[in-house]
Amino acid sequence: MRKVTIMHAASFALILGLTGCSAPGGGSIYVPMGGGDQSRAPEPPRTSGQERSEPQVWRKSEQPEVSEPAPAPEQPTRSPSYRESGDELPAAAVALIRDADQRLQQGDSAVAIARLERAQRVAPRSAEVYFKLAEAYVAGNNLGAAEQFTLKGLSLAGNDSRMQRSGWLLLADIRRARGNVAGASQAEDRARSL
């Protein structure tokens, strides 16, 4: 019982001591060095973050206009036309040309021409098909049609110099067979220039 009374008395004294240390009137607890008058004490140091009271908010209308760089002009992508590249032969046309070659080797130029005309419908812009048709007409001894198909093939050969060279040489042979020696020489000159 006596110990409890002593403990209560010590707690009470501690509370009184603490309340006595607090500043009167709720003022600052900052005490200048060396004591002195608290009313003349300098302001406590502040961090730079305390100077900004509110974060600056930019409205859309107040923001400086930033112009985006103009996009680079697109280079026109141009796919080569058939006149420049020649057409790739579809598999069906290739099969018909192979069949026509076999028919020509067997001496059946009429069937070969029929196969090549089907190939022409499959690949109407293929120079190779027209040159094969010209060869088939030569085999059938129709040199006029052969020359016309050769010229058509040359117009479709585009920039393929290999195809153009073979077309000019074919035309030279056809013209020579028709008795047009000057025309054959011109065609050979064109083939040599490639």
Side-chain angles (χ1 to χ4, degrees), residues 55-194:
Q56 188 170 6
V57 177
W58 290 92
R59 293 184 186 135
K60 181 91 175 164
S61 61
E62 296 173 345
Q63 292 179 354
E65 286 190 29
V66 178
S67 61
E68 294 182 16
E74 291 185 22
Q75 297 293 329
T77 56
R78 185 175 70 86
S79 61
S81 69
Y82 70 91
R83 289 184 177 273
E84 294 171 332
S85 64
D87 277 352
E88 293 289 325
L89 281 176
V94 171
L96 288 166
I97 289 173
R98 285 186 189 146
D99 189 28
D101 284 340
Q102 290 175 354
R103 300 293 180 156
L104 282 175
Q105 289 174 356
Q106 296 168 358
D108 193 356
S109 62
V111 174
I113 289 171
R115 298 285 192 270
L116 291 168
E117 286 173 346
R118 286 180 55 197
Q120 180 192 10
R121 287 191 289 275
V122 172
R125 294 183 173 175
S126 171
E128 185 177 352
V129 172
Y130 285 94
F131 293 154
K132 289 289 183 181
L133 265 168
E135 290 174 6
Y137 277 110
V138 167
N141 203 22
N142 187 351
L143 297 178
E147 185 170 349
Q148 293 304 312
F149 279 111
T150 304
L151 290 171
K152 179 67 177 176
L154 281 169
S155 71
L156 296 174
N159 295 332
D160 187 346
S161 59
R162 182 191 59 83
M163 188 70 71
Q164 287 181 357
R165 187 176 302 115
S166 65
W168 285 112
L169 291 174
L170 177 62
L171 184 63
D173 291 342
I174 293 168
R175 286 180 173 170
R176 189 168 287 111
R178 296 184 76 186
N180 184 359
V181 178
S185 296
Q186 288 176 348
E188 287 172 344
D189 290 343
R190 294 290 298 268
R192 275 194 290 271
S193 69
L194 295 171

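Worth knowing before you read on, the calculation uses all heavy atoms, side chains too, and leaves out hydrogens, waters and symmetry mates.
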For Gly153 and Ala127, which heavy atoms make the closest approach, and how far apart are they?
O-CB, 3.2 Å
Would you compute the distance between atom CD1 of Ile174 and atom CG of Leu169 and round it to the nearest 0.5 angstrom?
11.0 Å
To the nearest 0.5 Å, what is the distance between CG (Leu104) and CG (Leu116)?
7.0 Å
Interatomic distance, Leu194 atom CG to Trp168 atom CH2 [nearest 0.5 angstrom]
8.5 Å
Rounded to the nearest 0.5 angstrom, the OG-CD distance for Ser155 and Gln164 is 10.5 Å
Apply the test side-chain contact (heavy atoms from CB on, under 4.5 Å) to residues Arg115 and Val111: give CA-CA distance (whole Å), side-chain angles for both, the deciding distance (0.1 Å), then the verdict.
CA-CA 6 Å; Arg115 298 285 192 270; Val111 174; 3.8 Å; yes
Gap separating the CG atom of Leu133 from the CG atom of Asn142, nearest 0.5 angstrom
11.0 Å
Would you please name every residue forming a ring-ring contact (aromatic ring centres under 6.0 Å, His included) with Phe131, sequence neighbours left out?
none
So which heavy atom on Thr150 is nearest to which on Ala134, and how close?
OG1-CB, 3.1 Å
Any residue meeting side chain to side chain donor-acceptor pair (under 3.5 Å) with Glu188, in chain and number order, not counting sequence neighbours
Arg176
In Lys152, Gln120, Arg121, the residue satisfying side chain to side chain contact (heavy atoms under 4.5 Å, CB included) with Val129 is Gln120
CG of Leu96 to CZ of Arg118, rounded to nearest 0.5 Å, is 5.0 Å
Using a strict 4.0 Å threshold on nitrogen-to-oxygen distance, state whether Asp101 and Arg98 make a salt bridge.
no
pair Ile97-Leu89: side-chain heavy atoms closer than 4.5 Å
yes
